[in-house]
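Below is one structure, written out as structure tokens; comments come after it.
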Amino acid sequence: MPRRELIGRPAAPGVALGPLVRLGGAFVPRRTAGSADQERAALTAAIEAAVADLAELAEQAGGDAAEILEFQIAMLEDEALRDPALSAIAAGAAADAAWVESLGFQVAEYEAAEDAYFQARAADLRDLSERVLRHLLGTAEEPAFPPGAIVLADDITPSRFLAADWREGGGIALAAGSKASHVAMLARARGVPMVVGLGPIAAEGHARAALDGAAGRLWLSPDAADEARLAALAADAREAGRAAADVLHRPAVTASGQRVLVQINVADPSELDGLDPALCDGIGLTRTELCFPASGALPDEESQYGQYRRIVEWAAGRPVTIRTLDAGGDKPIAGLTVPGESNPFLGLRGVRLSLVRPEVFSVQLRALARAAVHGELKVMVPMITVPEELEATRALLDAAMADLAARALPARRPALGMMVEVPAAALAIERFDAAFFSIGSNDLTQYVTASARDIGAVAGLADVTNPAVLRLIAEVAAHGARIGREVSLCGDAAGEVSLVPALLDAGITSLSMAPNAVGPVKAAIARYG
Ligand code: PEP
Ligand code: MG
């Protein structure tokens, strides 16, 4: 195939070269057709298994989500849905090809419908098609990407990213997507190069690709010159990495001698494996929603306690800030978040959702109070908009402590702090009696600039250096200094070398970032002032 170069926007730096894998792309049949009876039995069993999955999910989910799942069960049990596939099987087709092709026709019919209600049902059908196919092929979950692959997709969910193994390299190229999405953040944290906003990509026939995350470029069927250039870029990056490594294990201090705390952001305790705690002053943000599976049962108190304890023990006495669930927005959790909100970033997300589901929130607060026995654990509440939300959380924490005491379980009351990421909180920060504050610059920027963090077309406006955003950051920092409470900043801006001077100018003295940004940011702090 002739080489093609595509230009998108940088989302995570680094270079990758490898086999190209199209996600959600054309279906490739994998079964060899047996007898018509065998294929019919295989399809029927796969449909029954999918119905059983959905019934279990519906029972766990309850509410609106259960209704949607029950609707899907009814669709799947409708004989009219499977009849075309059964006819194709009778004519000699393998069960997987028969199912996917017949459902494909029905999806296309729904998509072409005039009525928006029927159009929206196409997504349900697609979901059902994939679920039954997974059972037919014996892959319980989405097929994994081959190691080292460059994954091409319209967009990709955080749970899909987390399910993949990136240790052998690889990269992500998205037709849509945004640098401010959670997947981009995860990609930066794991050192997975990523380019977004490439637009529709016709990649048929291309088997290999190369990606330069920092330049926002993708090459399909790269030539020898591309490969040589990327190898040189990778060597430069290693050199810059060595410079950062010099300061990596030293406390961060500016040229004029001011100490700056450098903490790390984590999503999942397994990210800490192989990481030396001495590289940081602690953990400034744990995004617990990413430890919750995107679907299936919510983790119980015991398993949450185990995960939080593992993080606190890794830190070996350093402070560990664990944020309570920030589900919603671009982090849906089946059975918990509200499906179909017209604007999920302005809806029931973060503490708003936790407070309407106190039975879920209390489990997390109890697990946190139990883990606090093992180190310096602090609890941080996301999306606080009014003081009443912080106070309601405090009351639930009181109740959690009482509950644990009644069960005679060891527990310690953690300090209760808040994220400052909603303009209403940042603008009137003196109203909030939090033990500490952490500025969520990702959300603060999207809400102040009215530019969604997951819409590439407005990425230029979602700029943390907008004077309005920087002014709010400076005011929150000044408030913390005045009343003697810590203010840190844990949004992606904290890990951007080029933003270090602006954030320190604004009075920030504590930054929390992806682990791989620690070296370069410490080096930038050393050059400041
Ligand atoms: C933020 O909004 O800056 C933040 C740290 O929270 P999240 O990115 O998880 O929404
Ligand atoms: Mg946020």
Side-chain angles (χ1 to χ4, degrees), residues 11-12 157-159 161-162 177-190 263-268 271 283-292 294 321-333 337 343-354 378-385 389 417-426 434 436-455 459 462-466 469-470 472-473 476-477 487-496 499 502-503 506 508 510-515 517 521:
T157 61
S159 52
F161 176 92
L162 289 168
S178 152
K179 181 183 176 186
S181 69
H182 283 95
V183 168
M185 196 180 69
L186 290 169
R188 289 191 287 278
R190 305 265 167 112
Q263 305 190 80
I264 59 167
N265 294 352
V266 297
D268 179 321
E271 283 172 37
I283 295 179
L285 168 65
T286 309
R287 290 182 163 99
T288 56
E289 57 282 356
L290 300 172
C291 313
F292 278 55
T321 305
I322 301 192
R323 184 173 72 183
T324 61
L325 204 60
D326 186 22
D330 63 345
K331 293 173 284 191
I333 295 181
T337 48
N343 193 338
F345 277 120
L346 300 182
L348 265 189
R349 71 169 283 211
V351 72
R352 303 167 179 188
L353 182 67
S354 292
K378 307 195 281 183
V379 170
M380 175 157 81
V381 190
M383 286 294 292
I384 292 279
T385 308
E389 291 164 327
M418 65 180 268
M419 296 278 300
V420 184
E421 52 186 347
V422 176
F436 61 93
F437 303 92
S438 188
I439 299 173
S441 51
N442 303 335
D443 278 312
L444 188 62
T445 305
Q446 80 160 341
Y447 295 132
V448 169
T449 61
S451 307
R453 56 194 281 179
D454 61 348
I455 297 183
D463 178 6
V464 74
T465 66
N466 181 307
V469 181
L470 284 178
L472 284 181
I473 292 174
V476 174
V487 174
S488 83
L489 186 141
C490 64
D492 283 359
E496 295 238 2
L499 296 176
L503 297 178
I508 294 290
S510 171
L511 295 165
S512 191
M513 65 205 67
V521 168

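Starting from 1, each residue takes its place in the sequence as its number. Whatever order the structure lists ligands and atoms in, that order sets their numbers, starting from 1.
- Every residue was checked against the side chain to side chain donor-acceptor pair (under 3.5 Å) condition with Ser441, not counting sequence neighbours, and none meets it.
- Looking at Arg287 and Asp326, their side chains never come closer than 4.5 Å, going by heavy atoms from C-beta outward.
- Between Leu503 and Ile473 there is a side-chain heavy-atom pair separated by less than 4.5 Å.
- When every heavy atom of Met380 is checked against every heavy atom of Cys490, the shortest pair comes out as CE-SG, 4.4 Å.
- Using a 4.5 Å heavy-atom cutoff, the side chains of Asp463 and Val469 are not in contact.
- Ion pairing between Asp443 and Arg453 holds under the 4.0 Å rule for side-chain N and carboxylate O.
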task: For the pair Thr337 and Leu348, evaluate side-chain contact (heavy atoms from CB on, under 4.5 Å) and give the outcome as yes or no after the intermediate values.
output: CA-CA 7 Å; Thr337 48; Leu348 265 189; over 6 Å; no
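- Taking a heavy-atom cut-off of under 4.0 Å, ligand 1 is surrounded by His182, Met185, Leu285, Arg287, Arg323, Asp326, Lys331, Arg349, Met419, Glu421, Gly440, Ser441, Asn442, Asp443, Arg453, Cys490, Gly491.
- Take the Mg ion (ligand 2) and draw a sphere of radius 2.8 Å; the protein N/O/S atoms inside it number 2.
- The shortest distance between side-chain heavy atoms of Val266 and Thr286 falls below 4.5 Å.
- With sequence neighbours excluded, no residue forms a salt bridge (charged side-chain N to carboxylate O under 4.0 Å, His left out) with Glu421.
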